Amino acid sequence: MGREIERKFLVSSDAWREQAKPGIYMSQGYMGDAKRASVRVRVEGDEANINIKSATLGISRMEYEYPIPRDEALEMLNNLCEKPLIEKTRYEVELGEHTWEVDVFEGDNKGLIVAEVELASEDQDFEKPGWVGEEVSMDTRYYNVCLVKHPYKDW
């Protein structure tokens with residue numbers, strides 16, 4: 001079974017930019033009602049994938065992801081996914097043995113910046129950089145699937 005263990009934090013300063021790799025623009029959308037699972041289509045650069053993630057609260061969730069043809073992903077985003085689409089640029093920051101992903105949102109979620117770190121276990125220790133603030137791992141408002149229905153601009 002695929003499993004994602006991830007901690008999510010608000011970003012409290014721009015200091016991460018000094019260490020960040022070049023960003024990759026992403027457009028993603030969600031299909032269905034997401035009661036038991038979210039189904040996401042994402043295009044990032046020349047690649048695309050479909051992702052199924054359990055709709056459970058917490059830092060550990062079932063997750064499956066598969067590559068799909070980019071042209072089909074664009075068609076799904078345009079015709080099958082709820083609007084607005086999630087638009088963001090993702091930056092990677094290496095810190096110790098972990099890679100932090102910093103998402104800078106655009107469109108209806110402009111102004112929101114979050115950092116995530118994936119872990120091997122729920123109790124794994126990790127170095128928390130000084131540029132992260134409040135942990136929001138348990139706050140569903142920050143789940144991308146929820147940002148479609150309740151975008152950051154409306155908070």
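Source: prediction; values computed, not measured.
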Qualifying side chain to side chain donor-acceptor pair (under 3.5 Å) pairs, either residue in residues 65-76, two or more places apart: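 Passing the test, one end in residues 65-76: R40-E65, N51-E65.
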Of all pairs that satisfy side chain to side chain donor-acceptor pair (under 3.5 Å), the ones with a partner from residues 146-155, not counting sequence neighbours: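 Checked against side chain to side chain donor-acceptor pair (under 3.5 Å) - neighbours excluded - the pairs reaching residues 146-155 are E82-K149.
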When you group the ILVMFWY residues by side-chain heavy-atom contacts below 4.5 Å and let the links chain together, are [Y] and [X] in the same group?
X	Y	result
L85	M31	yes
V114	Y91	no
V104	W100	yes
I50	L80	yes
L77	V39	yes

I59 versus S137, closest heavy-atom pair with distance: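 Looking at all heavy atoms of both residues, the shortest contact is CG2-CB, 3.6 Å.
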Closest approach of N109 to P151 (non-hydrogen atoms, all atoms of both residues):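 So the two residues come closest at OD1-CA, 3.2 Å.
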List for me each residue that meets side chain to side chain contact (heavy atoms under 4.5 Å, CB included) alongside [X], sequence neighbours excluded, and say none if there are none.
X	value
L119	I5, R7, H98, V117, Q124, F126
M138	L57
V145	Y30, A34, S38, Y143

NZ (K35) with more than 12 external heavy atoms under 6.0 Å: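 Open: at most 12 neighbouring heavy atoms sit under 6.0 Å from NZ of K35.
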E47 atom CD, neighbour heavy-atom count above 12 within 6.0 Å: no
Side chain proximity check, [X] to [Y], heavy atoms < 4.5 angstrom:
X	Y	value
I68	V41	yes
P129	V93	no
S60	R3	yes

Taking distance alone, no hydrogens or angles, what donor-acceptor pairs closer than 3.5 Å link side-chain atoms of residues 9-23 to residues at least two apart or in another chain?
from: S12; atom 1: OG; to: W131; atom 2: O; distance (Å): 3.1
from: S13; atom 1: OG; to: A15; atom 2: N; distance (Å): 3.3
from: K21; atom 1: NZ; to: E94; atom 2: OE2; distance (Å): 3.2

ring-ring contact (aromatic ring centres under 6.0 Å, His included) contacts touching residues 32-60 (sequence neighbours left out): none
All pairs passing salt bridge (Lys or Arg N to Asp or Glu O under 4.0 Å) where residues 113-131 contributes a residue, at least two apart: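 Listed once each, the pairs are K8-E116.
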Identify, with sequence neighbours excluded, every residue that meets salt bridge (Lys or Arg N to Asp or Glu O under 4.0 Å) alongside [X].
X	result
D139	R141
D103	K88, R90
E106	none

Rounded distance (nearest 0.5 Å) linking atom CZ of R61 with atom CD1 of I52: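 The CD1 atom of I52 is 13.5 Å from CZ of R61, to the nearest 0.5 Å.
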I86 CD1 to L147 CG distance, which is reported to the nearest 0.5 Å: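 Rounded to the nearest 0.5 Å, the CD1-CG separation comes out at 5.0 Å.
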Ion pair E44/R42, N-O distance below 4.0 Å: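 Salt bridge between E44 and R42, a charged N being under 4.0 Å from a carboxylate O: yes.
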